[in-house]
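Notes follow once the structure below has been shown.
Just follow the structure's listing: the first ligand is 1, and inside any ligand the first atom is 1.
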Amino acid sequence: MGAIRYELIKTCKQSGARLGRLHTPHGVIETPIFMPVGTQATVKTMTPEELKEIGAQIILSNTYHLYMRPGEKLVEKAGGLHKFMNWDRPILTDSGGFQVFSLSKLRDITEEGVTFRSHIDGSKHFISPEKAIEIENALGADIIMAFDECLPYPCDYDYAKNSLYRTIRWAERCLKAHKNTEKQALFGIIQGGMYRDLREESVREMIKLDFPGYAVGGLSIGEPKDIMYEVLDWTVHLLPENKPRYLMGVGSPDALLEGVIRGVDMFDCVLPTRIARNGTVFTSKGKLVVRNAEYAEDFRPLDEECDCYACRNYTRAYIRHLFKAKEILGARLTTIHNLRFLLRLMENVRQAIMEDRLLDFKEEFFEKYGYNEG
Ligand code: GUN
Ligand code: ZN
């Protein structure tokens, strides 16, 4: 049976985008979906009740961080990640494949796994595919990710090729190590750098392993957006139609729309929550830096078209004041707003797919939002 089931509801006649439902042990997710990131078992500044109020259906958390602190054994003792953090809807955990490469120092990659030093205290650790799965099994998320190597950009062909085959061997080891297939679905991750033949080879080999879902990794790592879209054009259509597709680390409005149009169902990114804490918000007319002096006496909401708690109750002038005074409520309000903005964008995307007008929707959205806003 497996832990999850993807149901393709329909394909947009205008764009080819997919509308679907993903059935998980903690409930049904409507796709395409954006997943807020809760790196350390919390979406920074938000309570689970607030996440539900803005329409979050699934959140992401990180194996690497939870292994370091507080340790997966403690989370297991607490009754698993859902109980530990009081979130009863679906959770996806990333494997640590990305964080080990982006956060830790002095890493050493061998066939067996990766040795690295903690970004917290410098202590030495070793994570193998088996270890990553053991940690993810202990955490207990509905969807868990295979342990992979996320290549840097740029990356030469020979390195990308060797790494790709190692990531495929690691994926096989992850499948063998996975103990909890009825409660947790293990997704494979497509790598291969920015090389077409390697991406195609990665898809072919990963499909043979018959994962219940597939992610496209190694993107949004500093390459131009055109290149990311090209890689999606090469890969997504080769993935099985009856399984979910997840584009890792992507969350700008333009990339969400371009990804959905290319057949992607799931996205995650720290962007909305990170820029919120810096005082930057998405609005229907593009991004706005609410800390700026020009909003000192602006008594309008962050976005006049937004239905979130922040926009229903507070002004730009007040939120700017909170940031200037270093009051925590400022970051809470901008985080609520930015996440609601992306979740509503995806609600509108799903509606547009249902009505076969996603390309029209995209045009109308960027007409107002601006084409170069990101
Ligand atoms: N998050 C963003 N990109 C990646 C990737 O390539 N691999 C993993 N494991 N996580 C990611
Ligand atoms: Zn708002």
Plane angle bin for Y369 and F282 - parallel if under 30°, tilted between 30 and 60°, otherwise perpendicular: tilted
Main-chain N/O of T273 paired with N338 side-chain donor or acceptor, under 3.5 Å: no
Between the protein and ligand 1, are there any N or O atom pairs that come within less than 3.5 Å of each other, and if so, what are their names and distances?
unit_1: ligand 1; atom_1: 6 (O); unit_2: Q191; atom_2: NE2; d: 2.9
unit_1: ligand 1; atom_1: 6 (O); unit_2: G218; atom_2: N; d: 2.7
unit_1: ligand 1; atom_1: 7 (N); unit_2: D148; atom_2: OD2; d: 2.7
unit_1: ligand 1; atom_1: 9 (N); unit_2: D94; atom_2: OD1; d: 2.9
unit_1: ligand 1; atom_1: 9 (N); unit_2: D148; atom_2: OD1; d: 2.8
unit_1: ligand 1; atom_1: 9 (N); unit_2: D148; atom_2: OD2; d: 3.4
unit_1: ligand 1; atom_1: 10 (N); unit_2: D94; atom_2: OD1; d: 3.4
unit_1: ligand 1; atom_1: 10 (N); unit_2: D94; atom_2: OD2; d: 2.6

Which N, O or S atom of H337 lies nearest to the Zn ion (ligand 2), by name: ND1
Parallel, tilted or perpendicular: rings of F116 and Y64 (30°, 60°): tilted
Opening angle between SG in C311 and SG in C306, taken at the Zn ion (ligand 2), to 10 degrees: 110°
Lys/Arg-Asp/Glu bridge criterion (N-O < 4.0 Å) met for K52, D88: yes
Lys/Arg N to Asp/Glu carboxylate O, R262 vs E258, below 4.0 Å: yes
Lys/Arg-Asp/Glu bridge criterion (N-O < 4.0 Å) met for E305, R300: no
NZ/NE/NH1/NH2 to OD/OE distance under 4.0 Å, R332 and E327: no
